[in-house]
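In what follows, a single structure is set out as structure tokens and then discussed.
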Amino acid sequence: MDLLDAYRRSLAEFVDRVDQIEPGQWSDPTPCAEWDVRALVNHVVTEDRWSVPLLAGRTIDEVGDRLDGDQLGTDPISMAREAAAQAEIAATHPGTIDRTVHLSSGETPATEYLKQLLAEHLIHGWDVAVAIGVQPSFDPNVVRAAAGWFTGQIDNYRRNNLVRTGVLVSDDADEQDHLLAAFGRDPNWAPSD
């Protein structure tokens, strides 16, 4: 699957899960113990909003603090849709994929940044889905694209404490469950856990 197609699909998968959040579920717990549903969605929306200037060649200093705090306002679902739409436009603009992005971790090829964002949307889309009790399975081709990328990144993520370790799944688990475990998620997580 082409990177931009996989990225677009990951955005759509995330927004699809956000669209299913009921009004009373925004404060529900998620697999990210430090975030409820609203905080988790705000995190991803913030990432989407950051991607627009970064993919356009701006630096973190140029963006400044304008994306700090709440990005959801009084209509979180609409804000998530809008942020995803803007992120997709930025990613698919001609020439974007060939750029270098200025991240806090250093100069990064846009292709690498988009792979990070693709995985971010899938993993946090799953977080939202299981938190609100909706279908948590994703497009297997997008999962495969994320898993293929993350295989080469997992040691770095673990070294920098970006994922929890020690989550195991059986050898015959599907690719999505293996990806979730690699990111420190228990594929059997439920809100009562």
### Task
Spell out, yes or no, whether Ile154 and Trp126 are grouped together once hydrophobic residues are joined by side-chain heavy atoms under 4.5 Å, including indirect joins.
yes
### Task
Tell me, with the steps shown, if Tyr7 and Ser51 meet side chain to side chain contact (heavy atoms under 4.5 Å, CB included).
CA-CA 12 Å; Tyr7 174 71; Ser51 73; 4.3 Å; yes
### Co-members of Val15 in a cluster of I, L, V, M, F, W and Y side chains, linked at under 4.5 Å
none
### Task
Could you tell me which non-hydrogen atom of Arg38 sits nearest to which non-hydrogen atom of Pro76, and how far apart they are?
NH1-CG, 3.6 Å
### Message
So which atom in Ala129 and which in Pro136 form the shortest heavy-atom distance, rounded to 0.1 Å?
### Response
CB-CA, 3.8 Å
### Message
My understanding is that only one of Leu179, Asp127, Val163 makes a side-chain contact (heavy atoms from CB on, under 4.5 Å) with Arg185; could you say which?
### Response
Asp127
### Task
Verify, without hydrogens or angle tests, whether Gln25 (side chain) and Glu22 (backbone) share a donor-acceptor contact under 3.5 angstrom.
yes
### Query
Are Val143 and Val169 joined in one hydrophobic group, where the rule is that I, L, V, M, F, W and Y side chains link up if heavy atoms are under 4.5 Å apart?
no
### Message
Run the side chain to side chain contact (heavy atoms under 4.5 Å, CB included) test on Leu103 and Gln116 for me, step by step, so that the C-alpha distance in whole Å, both residues' side-chain angles and the decisive distance to 0.1 Å come before the verdict.
### Response
CA-CA 12 Å; Leu103 302 179; Gln116 293 171 13; 4.0 Å; yes
### Query
Would a hydrophobic clustering, with Ile, Leu, Val, Met, Phe, Trp and Tyr connected at side-chain separations under 4.5 Å, put Leu11 with Met1?
yes
#### Entry: Under 3.5 Å side-chain donor-acceptor pair for Arg49 and Gln71
yes
#### Entry: Separation of His43 NE2 from Glu34 CD (nearest 0.5 Å)
9.0 Å
### Query
Distance only, no hydrogens: is a donor on one side chain within 3.5 Å (strictly under) of an acceptor on the other, for Glu13 and His121?
no
### Task
Answer with yes or no whether the side chains of Glu112 and Trp149 bring together a donor and an acceptor at under 3.5 Å.
yes
### Query
So do the side chains of Asp36 and Asp28 get within less than 4.5 Å of each other, counting heavy atoms only?
no
#### Entry: Minimum heavy-atom distance between Ala110 and Thr96, given as atom pair plus value
CB-O, 3.3 Å
### Query
At what distance, to the nearest 0.5 angstrom, does CD1 of Ile97 lie from OG1 of Thr92?
10.0 Å
### Task
For Arg99 and Leu55, indicate whether the former's side chain and the latter's backbone hold a donor-acceptor pair under 3.5 Å.
yes
### Query
What residues join Val45 in its hydrophobic cluster, counting side-chain heavy atom gaps under 4.5 Å, either direct or through other members?
Phe14, Val18, Ile21, Trp26, Trp35, Val37, Leu40, Val41, Val44, Leu72, Ile77, Met79, Val128, Ile132, Val134
### Path from Val167 to Trp189 over hydrophobic side-chain contacts below 4.5 Å
no
### Query
Can you check whether Asp16's main-chain N or O pairs, donor with acceptor, with Gln20's side chain at less than 3.5 Å?
yes
#### Entry: From CD (Glu120) to CZ (Phe183), nearest 0.5 Å
8.0 Å
### Message
Whether the side chain of Thr108 engages the backbone of Gly106 through a donor-acceptor N/O pair (distance < 3.5 Å, no angle test) should be reported.
### Response
yes
### Query
So, does Asp2 use its side chain to make a donor-acceptor pair with the main chain of Asp5 at under 3.5 Å?
yes
### Task
Verify side chain to side chain contact (heavy atoms under 4.5 Å, CB included) between His124 and Cys32, making sure each step is shown before the conclusion.
CA-CA 9 Å; His124 288 317; Cys32 299; 3.9 Å; yes
### Query
Donor-acceptor pair, Thr46 side chain versus Asn42 backbone, under 3.5 Å?
yes
### Task
Kindly determine whether Leu67 and Val63 satisfy side chain to side chain contact (heavy atoms under 4.5 Å, CB included), including the steps that lead there.
CA-CA 8 Å; Leu67 296 173; Val63 176; 3.9 Å; yes
### Task
Compute whether any side-chain donor of one residue and acceptor of the other, for Asp172 and Ser170, lie under 3.5 angstrom apart.
yes
### Query
Could you give the distance from CG (Leu168) to CG (Asp177), rounded to the nearest 0.5 Å?
12.5 Å
### Task
Without swapping roles, check the side chain of Gln176 against the backbone of Phe138 for a donor-acceptor pair under 3.5 Å.
yes
### Message
Testing the basics here: between Ala91 and Leu4, what is the closest heavy-atom pair and its distance to 0.1 Å?
### Response
O-CD2, 3.6 Å
### Query
Judged by atom type as modelled, is there a donor-acceptor pair below 3.5 Å linking the side chain of Asn160 to the main-chain atoms of Asn156?
yes
### Message
Determine whether a donor-acceptor pair (N or O, by modelled atom type, separation under 3.5 Å) exists between the side chain of Thr59 and the backbone of His102.
### Response
no
### Query
Which heavy atom of Ser104 sits nearest a heavy atom of Ile60, and at what distance?
N-CD1, 3.1 Å
### Task
Give the minimum heavy-atom separation between Ala90 and Val52, together with the two atoms involved.
CB-CA, 3.8 Å
### Whether over 12 other heavy atoms sit under 6.0 Å from Arg58 CZ
no
